[in-house]
Amino acid sequence: MKDTTTFSIPVLFNVHSFQTDLISWYLSIKRDLPWRLNQDPYRVWVSEIMLQQTQVDTVIPYFNQFMNRFPTTYDLANAEEQDVLKSWEGLGYYSRARNLHAAVKEVVASYDGEVPHEKDKLKKLKGIGPYTLGAILSIAFNQPEPAVDGNVMRVMSRVFHIEEDIAKPRTKKIFEDVVREVISHDDPSSFNQGLMELGALICTPQKPKCDQCPVQEHCLAYEYGNQTDLPIKSKKKKQKQTDFYGLIIQNKHGELLIQKRPSEGLLANLWEFPLMPKSELPIEEWFKQHYGADLSVNAKRGQVRHVFSHVIWNIELVFAQVEGEEIDYGQFVTADQLKEYPFPNVQYKMMDEIL
DNA sequence: AAGGCGGGGGA
DNA sequence: TCCCCAGCCTT
């Protein structure tokens with residue numbers, strides 16, 4: 001069997017020197033981040049999930065708060081999902097929180113609350129993909145496994161002058177093979193974290209600081225002078241827009257109508273003010289159909305625009321009063337009770353408009 | 001392989 | 001604006 005995508009490390013590449021330069025640099029400059037306090041696998045795990053597609057500075061306060069609230073696997077496993085989501089509120093990609101919660105329950109049920117160090121067991125846990133698997137194995141258990149993220153693909157594409165499109169799924173395998181060939185077996189943790197730290201601080205997407213780079217002498221792209229052309233990445237298409245009415249509805253007691261979103265899809269299991277897709281239908285008629293109650297619209301006032309990774313919402317705020325006490329869907333809460341529920345940021349934008 | 005899935009920061 | 005970020009899951 002033949003694999004045409006295999007990549008070979010150049011004969012003249014000094015693997016040991018590369019490892020030493022990278023690791024000694026990392027150990028000398030590494031940032032004092034909260035998840036580097038110790039090697040507790042649970043802490044490493046939580047941090048790696050939070051760091052998916054999310055920058056370090058954003059994660060720090062969430063991590064501290066989360067570990068304070070759920071210090072051990074047992075604490076998290078015994079928590080209600082709504083409380084976990086409340087801790088995740090505003091961080092985004094909420095399936096990460098739901099998957100982590102489910103996976104930690106599995107760890108408590110099957111492994112006595114101890115995060116397994118076996119690759120096959122770890123990989124089966126919800127939310128642990130190829131990257132997080134390698135990150136936990138190397139950082140918490142010191143195993144020489146690749147942890148290839150965006151940073152690593154950028155750094156390695158430059159060091160080895162690899163021109164494959166990093167937006168393609170199969171390209172990641174090439175970089176995993178590369179890392180397997182050059183990773184340090186003495187200190188895989190520092191090696192992997194060093195690659196990521198390098199990508200975050202020196203080998204940045206724009207204007208890489210090559211003059212400060214600890215592995216400059218190993219870098220083919222630097223030698224060729226085209227480091228800013230790498231990595232190659234195809235563009236993704238832009239988001240579609242959707243228009244909604246955001247319904248701010250009060251009952252006669254001044255309470256607000258909120259509802260829980262479906263258990264799947266965008267912002268699953270979070271809460272919201274009712275959103276009505278804009279159509280030809282009058283608001284009152286649409287509301288009667290879906291909620292079985294009569295509405296009197298007071299005013300349309302305020303506009304909220306929210307950009308997700310794949311869609312854009314344009315929301316026109318509508319203030320209304322509902323008649324009667326009964327409603328088929330959702331529930332009325334006081335302004336004070338609002339903060340007990342997990343809301344996505346787009347809903348906080350709407351609340352800001354209300355004030 | 002492609003697309004869904006958040007939110008923030010930098011240029 | 002656009003791109004990027006310590007990616008994973010479903011189809």
Side-chain angles (χ1 to χ4, degrees), chain A residues 26 30-31 33-36 43-63 85 88-100 102-103 122-140 146-155 165-173 175-176 179 189 191-201 203-208 228 231 233-240 261-262 264-270 272 305-313 342-349:
Chain A
Y26 171 71
K30 69 172 180 176
R31 292 171 287 179
L33 302 173
W35 45 89
R36 289 177 177 162
R43 288 173 67 88
V44 173
W45 182 8
V46 171
S47 72
E48 290 301 339
I49 299 298
M50 286 189 172
L51 285 161
Q52 290 169 10
Q53 299 293 289
T54 311
Q55 297 184 348
V56 166
D57 289 340
T58 305
V59 167
I60 290 174
Y62 280 92
F63 178 81
L85 286 174
W88 211 269
E89 184 181 63
L91 193 56
Y93 285 137
Y94 299 94
S95 65
R96 293 183 296 177
R98 292 185 289 117
N99 288 338
L100 174 63
L122 213 43
K123 181 71 183 68
K124 286 197 182 83
L125 295 172
K126 275 191 179 179
I128 298 187
Y131 164 75
T132 307
L133 176 68
I136 295 174
L137 288 175
S138 61
I139 297 172
V148 175
D149 67 342
N151 283 313
V152 173
M153 286 200 281
R154 184 172 58 257
V155 170
D165 182 359
I166 66 166
K168 301 282 185 199
R170 69 167 176 277
T171 302
K172 184 185 292 187
K173 288 186 186 162
F175 287 98
E176 286 171 351
V179 172
S189 171
F191 182 90
N192 278 344
Q193 293 190 80
L195 280 182
M196 293 187 268
E197 201 88 336
L198 189 62
L201 301 179
C203 198
T204 48
Q206 266 75 39
K207 298 183 181 178
T228 55
K233 186 174 188 180
S234 54
K235 300 186 195 308
K236 54 174 191 261
K237 43 189 180 183
K238 61 178 187 182
Q239 309 98 321
K240 288 185 175 159
R261 291 180 59 83
E264 292 185 343
L266 184 59
L267 306 172
N269 288 351
L270 277 77
E272 66 182 0
R305 174 185 160 86
H306 191 77
V307 179
F308 297 95
S309 49
H310 60 297
V311 69
I312 296 175
W313 283 2
F343 289 93
N345 274 13
V346 59
Q347 294 291 329
Y348 279 106
K349 284 188 188 174

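Because the structure is predicted, anything quoted here is derived from the model rather than measured.
Across C/dC8 and B/dG9, the matching C1' atoms stand 23 Å from one another, rounded to whole Å. Using P as the reference atom, B/dG3 and C/dC3 are 16 Å apart when rounded to the nearest Å. Nucleotides B/dG7 and C/dT10 place their C1' atoms 22 Å apart, quoted to the nearest Å. Taking the P atoms as reference points, C/dA6 lies 24 Å from B/dG4, given to the whole Å.
With sequence neighbours excluded, the residues satisfying side chain to side chain contact (heavy atoms under 4.5 Å, CB included) with A/Q239 are A/V307, A/I312. Residues forming a side chain to side chain donor-acceptor pair (under 3.5 Å) with A/D165 (at least two apart in sequence, or on another chain): A/S234. With sequence neighbours excluded, no residue forms a salt bridge (Lys or Arg N to Asp or Glu O under 4.0 Å) with A/E176. Listed by chain and residue number, A/E81 satisfy the side chain to side chain donor-acceptor pair (under 3.5 Å) test with A/N269 (two or more places apart in sequence, or in another chain). The salt bridge (Lys or Arg N to Asp or Glu O under 4.0 Å) check on A/R261 picks up A/E272, with sequence neighbours excluded. Partners of A/R36 by salt bridge (Lys or Arg N to Asp or Glu O under 4.0 Å), not counting sequence neighbours, listed by chain and number: A/E197. Among residues two or more places apart in sequence or in another chain, the side chain to side chain contact (heavy atoms under 4.5 Å, CB included) test is passed with A/A147 by A/Y131, A/A135, A/N192. Residues satisfying the side chain to side chain donor-acceptor pair (under 3.5 Å) criterion with A/S189, sequence neighbours excluded, are A/Q193. Among residues two or more places apart in sequence or in another chain, the side chain to side chain donor-acceptor pair (under 3.5 Å) test is passed with A/K124 by none.
Heavy atoms of A/W88 sit nowhere under 4.0 angstrom from any nucleic acid atom. Using a 4.0 Å heavy-atom cutoff across all strands shown, A/R36 reaches at least one base atom of the nucleic acid. Within 4.0 Å (heavy atoms only), A/T204 reaches no atom of the nucleic acid at all. Counting non-hydrogen atoms under 4.0 angstrom, A/K233 reaches the backbone sugars and phosphates but no base. A/V56 comes within 4.0 angstrom of a nucleotide base, judged by non-hydrogen atoms across all strands.
Of all nucleotides in DNA chain C, those with any atom nearer than 4.0 Å to a heavy atom of chain A start and finish, going 5' to 3', at C/dC3 to C/dC9.
Nearest-nucleotide positions on DNA chain C place A/N151 closer to the 5' end than the other of A/K126 and A/N151. Between A/K235 and A/L33, the residue whose closest nucleotide on DNA chain C is further toward the 5' end is A/K235.
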Contact list (N/O, under 3.5 angstrom) for nucleotides 4-8 of chain B vs protein:
residue : atom : partner : partner atom : Å
B/dC5   : OP1  : A/L266  : N            : 3.0
B/dC5   : OP2  : A/H310  : NE2          : 2.6
B/dG6   : OP1  : A/Y94   : N            : 3.1
B/dG6   : OP2  : A/L267  : N            : 2.5
B/dG6   : O4'  : A/Y93   : N            : 2.9
B/dG6   : N7   : A/Y93   : OH           : 3.2
B/dG6   : N7   : A/S309  : OG           : 3.4
B/dG6   : O6   : A/Y93   : OH           : 3.0
B/dG6   : N1   : A/Q53   : O            : 2.9
B/dG6   : N2   : A/Q53   : O            : 3.2
B/dG6   : N2   : A/T54   : OG1          : 2.8
B/dG7   : OP1  : A/Y94   : OH           : 2.7
B/dG7   : OP1  : A/N345  : N            : 2.9
B/dG7   : OP2  : A/H306  : NE2          : 2.9
B/dG7   : O3'  : A/N345  : ND2          : 2.9
B/dG8   : OP1  : A/N345  : ND2          : 2.7
B/dG8   : OP2  : A/N345  : ND2          : 3.4

Checklist entry - Using Watson-Crick and G-U wobble pairs whose two distances are both under 3.5 Å, how do you write the pairing of DNA chain B as dot-bracket, with | for links to another strand? => result |||||.|||||
Next on the checklist: A/L198 vs A/N151, test: side-chain contact (heavy atoms from CB on, under 4.5 Å). Steps then yes/no.
Outcome noted: CA-CA 8 Å; A/L198 189 62; A/N151 283 313; over 6 Å; no
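Taking the six-membered ring where tryptophan is involved, the planes of A/H310 and A/F308 are tilted, since the angle between them lies from 30° to 60°.
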